[in-house]
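Here it is: the structure, laid out below.
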Amino acid sequence: MFQAVIRALLRATVTLFLAVTFTFIILRVSGDPLHSLLPIETPPEVVALMRQQWGLDQPLYIQYFSYLGHLLRGDFGTSLVNGQNALTLVFSKVPATLELMGAALAVAFGAGVPLGILATQNRGSLIDRFVMALAVLMHSLPNFLIAILLIQLFAVSLRLLPSGGGSTAAHLVMPVLVIGLYNAGIIARFVRSSTLEVLGQRYILAARAKRIGERAVLWQHVMPNAALPLLTMLGFLIGGMIGGAAVVETVYAWPGVGRFLVSSVAQRDLNVVQTIVILVTATMVSANLLIDFLYILADPRLRHRAAA
């Protein structure tokens, strides 16, 4: 068990290190950020002074090791746009993104799990085919397209919801629907396939041989075992939701980390972009670590294997 934890922590550390390194190099080799930050008519001596002030005149490897040294001391740098602490700026956007992700995750599971169970209970029927077609449709349409269609329907035509912003609960409805329903399609298909796989196991046949009702078989035997693979999928789901949030937050002007990332990339605000990448990577790695541990706790076979 201890060795498994150490291996997982080492993988997480390597993943975070590679993400930081890749982001740092790509941002530096893609062009001089001062060309985006300063007006075209800025005198060359001012540009040179700014480049020296931000350490951009140093060789790439010196900039890299200097940045790593600051990271080890907990210094994420300052924004090139306004001079504020990059970590403080990013953390100020985190609550809005957590609110959006939490609500979207609740919608995804609240819609996806019942749809998957409904399809399983009516497998091979017209209901099953309709539910699976709906799930494929929800997952196939791009997020930005669904977002624009919802704006056209609820904000322009019906005038029921605001088209963007983040000051009230009404602003949360459409972004949550876009992210939640998109992922509900994945969950519905996964729940159907995992429950059908469990239904074919011998212990389900034994339970039915004891004349246990189908409802009891489903909820007492099928669902607890079918839910285990959902833990594995949850890690990938969180990663996909974080990535999709950048598009949805931008379309709806939601004041979260995703929208802040898009604007920071456009402004070439290097330290802010690097801080967001570190935060997002650490969140995804931590979520997968937690899910791995929950999987071991939920599955007795893995606990015995880890103990051995």
Side-chain angles (χ1 to χ4, degrees), residues 1-28 64-65 67-77 85-106 108-109 143 179-180 182-183 186-187 190 227-249 256-262 264-265 269-299 302-303 305-306:
M1 183 70 175
F2 178 75
Q3 292 179 348
V5 172
I6 294 298
R7 285 196 298 269
L9 291 176
L10 286 176
R11 287 196 301 269
T13 303
V14 171
T15 301
L16 188 59
F17 172 76
L18 291 176
V20 171
T21 302
F22 180 78
T23 305
F24 183 92
I25 294 175
I26 290 297
L27 288 175
R28 295 312 191 281
Y64 175 70
F65 286 114
Y67 179 69
L68 287 183
H70 283 85
L71 278 184
L72 293 176
R73 296 194 297 270
D75 181 10
F76 288 78
N85 184 275
L87 189 61
T88 302
L89 285 173
V90 173
F91 272 137
S92 68
K93 309 293 182 181
V94 168
T97 295
L98 289 180
E99 182 182 7
L100 177 60
M101 292 297 99
L105 198 62
F109 276 91
N143 279 344
I179 301 176
Y182 177 84
N183 290 281
I186 307 174
I187 295 174
F190 199 85
L228 288 176
L230 285 175
L231 289 176
T232 303
M233 191 195 67
L234 184 59
F236 298 100
L237 199 65
I238 292 175
M241 292 177 71
I242 293 175
V247 176
V248 175
E249 288 182 0
V257 175
R259 184 189 176 203
F260 192 37
L261 174 62
V262 173
S264 298
V265 170
D269 199 346
L270 303 184
N271 289 330
V272 170
V273 174
Q274 290 166 175
T275 302
I276 294 176
V277 170
I278 292 173
L279 178 65
V280 171
T281 305
T283 301
M284 294 176 61
V285 168
S286 301
N288 281 282
L289 278 175
L290 178 61
I291 290 167
D292 287 342
F293 297 147
L294 290 176
Y295 207 103
I296 292 175
L297 293 176
D299 194 335
L302 294 180
R303 287 203 302 271
R305 190 181 305 168

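Reckoned from all heavy atoms, side chains included, excluding hydrogens, waters and symmetry mates.
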When rounded to the nearest 0.5 angstrom, what distance separates CD1 in I25 from OH in Y64?
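Reported to 0.5 Å precision, the distance equals 7.0 Å.
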
If we check side chain to side chain contact (heavy atoms under 4.5 Å, CB included) with T23, which of these qualifies: I276, L18, V277?
V277

Nearest heavy-atom approach of A96 to G256 is CB-CA, 4.1 Å

Provide the closest heavy-atom pair for A104 versus M241 in the form atom of the first, atom of the second, distance.
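Shortest heavy-atom separation between A104 and M241 comes out as CB-CE, 3.6 Å.
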
So do V285 and R11 actually touch side chain to side chain, heavy atoms under 4.5 Å?
no

Quick one: closest heavy-atom pair of V257 and E249, and the distance?
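Scanning both residues completely, I find the closest heavy atoms to be N-OE1, 3.4 Å.
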
How long is the gap from OH on Y67 to CG on N271, to the nearest 0.5 Å?
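Atom-to-atom, Y67:OH and N271:CG are 6.5 Å apart.
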
To the nearest 0.5 angstrom, please state how far the OG1 atom of T281 sits from the CZ atom of F17.
13.0 Å

Validation row: I186, N183 side chains within 4.5 angstrom (heavy atoms)
yes

Supply the atom-to-atom distance L100 CG to R259 CZ, rounded to the nearest 0.5 angstrom.
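So the gap between those two atoms works out to 13.0 Å.
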
Please report the shortest heavy-atom distance between A245 and I179, naming the atom on each side.
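Smallest heavy-atom distance, with atoms named: CA-CD1, 4.3 Å.
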
Going by heavy atoms in the side chains, are L237 and F190 under 4.5 Å from each other?
no

Working for side chain to side chain contact (heavy atoms under 4.5 Å, CB included), residues L89 and F260:
CA-CA 9 Å; L89 285 173; F260 192 37; 4.1 Å; yes

Which atom names give the shortest non-hydrogen contact between A282 and L16, and what distance separates them?
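For A282 and L16, the tightest heavy-atom pair comes out as N-CD1, 4.0 Å.
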
V273 and L261: which non-hydrogen atoms are nearest, and at how many Å?
CG1-CD1, 4.1 Å

Interatomic spacing from CG in D75 to CG in N85 - rounded to 0.5 Å:
7.0 Å

Pairwise side-chain contact, L279 with V94, heavy-atom cut-off 4.5 Å (strictly under):
yes

If we only count heavy atoms from C-beta on, is the L270 to R28 side-chain gap below 4.5 Å?
yes

With side chains defined as the heavy atoms from C-beta onward, is the minimum distance between F76 and T88 less than 4.5 Å?
no

